[in-house]
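So the structure is just underneath, and the comments pick up after that.
We count ligands from 1, going down the list as the structure has it; atoms in each ligand are counted the same way. Treat the numbers as computed from the prediction; the structure is a model and nothing was measured. The chain is numbered in sequence order, starting from 1.
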Amino acid sequence: MTRTTDFLAPARLGRLGLPHHLVMAPLTRNRAEADGTPGPLMVTHYTQRATAGLLIGEASTPNAVGQTYPNITAIHTDRHEAGWRRVTEAVRAAGGHMFLQLQHGGRVSHPATTGLTPVAPSPVPLPETIFTPRGHRPAVVPREMTRDDIRATAADFAAAARRAVAAGFEGVEVHSANGHLLHQFLAGNTNRRTDGYGGPAGRRVRFTAEVTEAVADAIGADRVGLRISPGSTVNGVREDDTEALYPALLARLKDLDLAYLHLVHADPDTTVYRRIRADWPGVLIGNPVLTDLTTEAVTRAARDMLAAGADLVALGRPFLANPDLVRRLRLGAPLNPVRDRYLMYVGGADGYTDYPALDAQAPSPSRDSIVATDGPRVA
Ligand SMILES: Cc1cc2nc3c(=O)[nH]c(=O)nc-3n(C[C@H](O)[C@H](O)[C@H](O)COP(=O)(O)O)c2cc1C
């Protein structure tokens, strides 16, 4: 891939030709039906944003126990697959390409939502409340995963990946970031295991590596991305040895020829991006965590990402609030402000499919200083 800081120039991702270097980051919006099936509103939401070129569909659970919150999307039944197929067909007809993020919540889950005891590397509960259909509830102590659970969970990820491809996605992104199950294995404070999946960094990376390998075996490595958030403390994880952990993980995965590595980090001077770039020979997607959502700041951050060695730039809230983000950035036009803390638990079109395109509104300046984390916790 050519190195350029012109993020609006055409790009490639493996065999996909992309119209520019911008990618829509995964954005959980809790608009699925109760069983996790995407409905018509989600078709509209993603189609509106198809000029993203590459869209990463929101975190979707590969099995029942991995569900984090009510009304998040899933991909483990025929019905889920059929619902997602309506999304991918509409996005493709509108000229977009789409991957789907696969996310198991691990301890970020609650029996009031799933009817099941959450599972995790070790019985260490989330030190926070969790949103459930009955409101916010204290987290419960998760059950420590057995070797059989570990094998079965990797197989669930692989099966979900096969379903995603059958549903028309070009590939999947394995979510090993932001304190969810895979990140709980990476982080020392949530992984207290004494078997081959716990202890030093080289053993804590094993579960993420095995899940990624299982998914790559299932659908081909060129259809598989991996998302990481080194040093992130979202959802109560603490790594302590970030400097050893990620080189160990990347060393184990770099010969797999994955479609991409997706790095999210609040890193204004791009140090972490440059470090990971040096350790990763494949495609790198950089997702800067923005503190200023103006046209000028988003433009600067996208250029900085490419200058730091990223091949593509993922943006979250700018796409959330601007269905025509790419056009606005081309024109240097103002961006819509992000409304109402993403209207996360509300459901419906409000704050979801009703963000106007440029021609449908009077220009307004945008400024939003909410720091993004992951999914409903920010609401
Ligand atoms: C409403 C919302 C939902 C999110 N959902 C996800 C998700 O499903 N998976 C994920 O990995 N990150 C998720 N994130 C994090 C974003 O992908 C992104 O990393 C973050 O918003 C920083 O990028 P930005 O500054 O461009 O918004 C979410 C963020 C927000 C604001």
**Cation-pi geometry met for R29 and Y352 (6.0 Å, 45°)** = no
**Request:** Over all heavy atoms of both residues, which pair between E173 and R227 is shortest? Give the atoms and the distance, please.
**Result:** OE2-CD, 3.3 Å
Less than 3.5 Å between some nitrogen or oxygen of [X] and one of ligand 1, yes or no?
X    : value
R227 : yes
V264 : no
L320 : no
T28  : yes
E173 : no
L293 : no
Q101 : yes

**Prompt:** Are a donor atom and an acceptor atom from the side chains of Y46 and E58 found within less than 3.5 Å of each other?
**Reply:**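 Yes, because at least one side-chain N or O of Y46 sits under 3.5 Å from a partner of the opposite role on E58.
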Show which atoms of ligand 1 fall inside a sub-4.0 Å distance from at least one heavy-atom site of [X].
X    : answer
L290 : 25 (O), 26 (O)
V289 : 25 (O)
H175 : 9 (N), 10 (C), 11 (O)
L315 : 26 (O)
A25  : 17 (O)

**Request:** Walk me through it: do D292 and R300 pass the test salt bridge (Lys or Arg N to Asp or Glu O under 4.0 Å)?
**Result:** CA-CA 10 Å; D292 179 350; R300 205 177 318 115; 5.7 Å; no
**Asked** Heavy-atom contact under 4.0 Å between P318 and ligand 1?
**Response** yes
**Asked** Does P288 come within less than 4.0 angstrom of ligand 1, counting non-hydrogen atoms of the residue?
**Response**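 Contact check P288 vs ligand 1: positive.
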**Request:** May I ask you to decide whether R143 forms a salt bridge with D149, counting only side-chain N to carboxylate O separations under 4.0 Å?
**Result:** yes
**Asked** Taking the six-membered ring for Trp, are H180 and H175 parallel (under 30°), tilted (30 to 60°) or perpendicular (over 60°)?
**Response**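 The rings of H180 and H175 sit tilted, inter-plane angle from 30° to 60°.
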**Message:** Same cluster or not: V43 versus M98, using hydrophobic residues (I, L, V, M, F, W, Y) connected whenever any side-chain heavy atoms lie under 4.5 Å apart?
**Reply:**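 Yes, one cluster joins them.
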**Request:** Give a yes or no on whether V205 and L263 share a hydrophobic cluster (residues Ile, Leu, Val, Met, Phe, Trp, Tyr; joining criterion: side-chain heavy atoms under 4.5 Å apart).
**Result:**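 Same cluster: V205 reaches L263 through Ile, Leu, Val, Met, Phe, Trp or Tyr contacts under 4.5 Å.
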**Message:** My understanding is that only one of T242, L186, L245 makes a side chain to side chain contact (heavy atoms under 4.5 Å, CB included) with P230; could you say which?
**Reply:** T242
